[in-house]
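This report refers to the structure that appears directly beneath it.
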Amino acid sequence: MRIATWNINGLRARLDFVRHWLAARQPDLVGLQELKLTDEQFPHADFEAVGYHATVHGQKAWNGVAILSREAGTLTQRGLPGQEDFGSRLVTAQFGDLSFTTIYCPNGKHLAHDDYPRKLDWFDSLATFWSETRSTEEAAVLCGDLNLCPAELDSHHPPEKTGDRIFHTTAERARFERLLEWGLVDLFRHRHPEERMYSWWDYRGGSFHRNLGLRIDFLLATPTLLARVRDVVIDRDYRKKKDGLTASDHAPVYADLE
DNA sequence: ATGTCGGAATTATTCCGA
């Protein structure tokens, strides 16, 4: 089984590109972020035509998350409880004995912005919600765009210059650590402990070609799934144009489970 | 180059968010 996460930066602009990737990689479960459309605007027929169901939590213009799946799942959660006014950023569905959640965490903008403390609060709500609804004994995935770099290896910025830089603060990293302390495992880092690989590159300034990126997109999983992991890939090739189609600023991340 | 995208508001241009 192949599971994946991908911030697509606007589904209306990215539909053909996403379908190109689905055809090439044939994933079974995909968490999508930044749909930037409403539930009514979601192109279900275009995904059904290529063999995918979708479980959607959208909103007008911004945010929005969905789960694509070969088999229809059962929707179990739309939105992070208590944080609904920060946008549509979480959706969970059940696929057999596997619980699959995808999230689009708030960006925070910069440390002096009101969104920064709200971002930390959002993560606190996430950790509480997660620990109250999930068990470390079950098969569960939490994936998405977390908008933070857990360690120096996950950022092109030199560590001596990241102390007060958004995505790199001690407070943000503590939120990520709390998820790991609960029992979730960062599949890419588990599989590739020393590899400096990014999942996002700014559109501006030739960042991709200069490899000035950040690893901010994660597949987190419960320990019971670990033994089944065969490979974890950041699909950097799909950060490039395909057949003249513009890529998202994020690459897909996928894992193959036995 | 504060360099690019996607989308909204408004109707080809500017603003905003990332």
Side-chain angles (χ1 to χ4, degrees), chain A residues 5-21 31-43 46-47 56-66 80 83-90 102-123 126 143-150 154-157 161-162 164-169 171-172 175-176 198-218 234-253:
Chain A
T5 182
W6 194 8
N7 179 323
I8 55 169
N9 189 23
L11 184 53
R12 280 169 287 180
R14 207 74 59 216
L15 179 61
D16 289 341
F17 196 93
V18 172
R19 297 212 306 178
H20 193 293
W21 180 77
L32 298 178
Q33 306 90 40
E34 281 208 86
L35 306 180
K36 298 186 178 180
L37 47 68
T38 62
D39 293 350
E40 292 71 26
Q41 293 171 312
F42 192 91
D46 292 303
F47 285 111
V56 182
H57 183 36
Q59 69 174 83
K60 184 181 177 184
W62 310 109
N63 308 313
V65 287
L80 179 58
Q83 296 286 348
E84 290 86 352
D85 61 353
F86 215 167
S88 298
R89 297 176 179 274
L90 180 147
T102 195
I103 54 177
Y104 174 50
C105 304
N107 176 293
K109 297 187 177 70
H110 54 85
L111 298 204
H113 196 283
D114 286 347
D115 278 7
Y116 176 65
R118 290 180 72 200
K119 174 183 189 176
L120 300 178
D121 189 52
W122 191 94
F123 271 101
L126 174 68
C143 69
D145 175 0
L146 271 63
N147 272 325
L148 59 80
C149 301
D154 303 312
S155 170
H156 75 273
H157 293 293
K161 296 171 79 173
T162 57
D164 58 353
R165 185 183 290 272
I166 190 101
F167 288 30
H168 301 71
T169 64
E172 289 164 294
R175 269 58 182 191
F176 185 81
Y198 308 132
S199 65
W200 173 87
W201 297 262
D202 201 304
Y203 282 124
R204 296 167 291 187
S207 294
F208 182 67
H209 289 103
R210 298 159 66 197
N211 196 28
L212 301 179
L214 306 173
R215 193 174 71 96
I216 56 177
D217 299 275
F218 301 90
I234 299 180
D235 202 352
R236 192 175 185 287
D237 188 49
Y238 272 84
R239 177 59 179 77
K240 304 172 185 172
K241 273 192 191 305
K242 290 286 175 191
D243 300 341
L245 300 167
T246 301
S248 170
D249 44 358
H250 296 251
V253 184

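Here is how names work: the chains are called A, B, and so on, in the same order as the sequence lines, proteins then strands, and each is numbered from 1.
- Between B:dA1 and B:dT14, the two P atoms lie 23 Å apart (nearest whole Å).
- Shown here are the side-chain hydrogen bond (donor to acceptor under 3.5 Å, both in side chains) partners of A:K240, two or more places apart in sequence or in another chain: there are none.
- Taking the side-chain hydrogen bond (donor to acceptor under 3.5 Å, both in side chains) definition, one finds that A:D121 meets it with A:Q83, sequence neighbours left out.
- Looking at residues two or more places apart in sequence or on another chain, you find no salt bridge (charged side-chain N to carboxylate O under 4.0 Å, His left out) involving A:R236.
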Would you mind building the protein contact string for nucleotides 6-18 of chain B? One character per nucleotide, 5' to 3', B for base within reach (heavy atoms under 4.0 Å), S for sugar-phosphate only, - for untouched. BSSS-------SB
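- For B:dA8 and B:dG3, the P atoms lie 22 Å apart once the distance is rounded to whole Å.
- Comment: A:K242 engages A:D237 in a salt bridge, judged by a side-chain N to carboxylate O separation of less than 4.0 angstrom.
- Rounded to whole Å, atom P of B:dT2 lies 18 Å from atom NE2 of A:H110.
- B:dT10 and B:dC15 have their P atoms separated by 13 Å, given to the nearest Å.
- A:D202 is linked by a side-chain hydrogen bond (donor to acceptor under 3.5 Å, both in side chains) to A:R204, counting only residues two or more places apart in sequence or in another chain.
- Applying the side-chain hydrogen bond (donor to acceptor under 3.5 Å, both in side chains) test to A:K241 and every residue at least two apart in sequence or in another chain returns A:T246.
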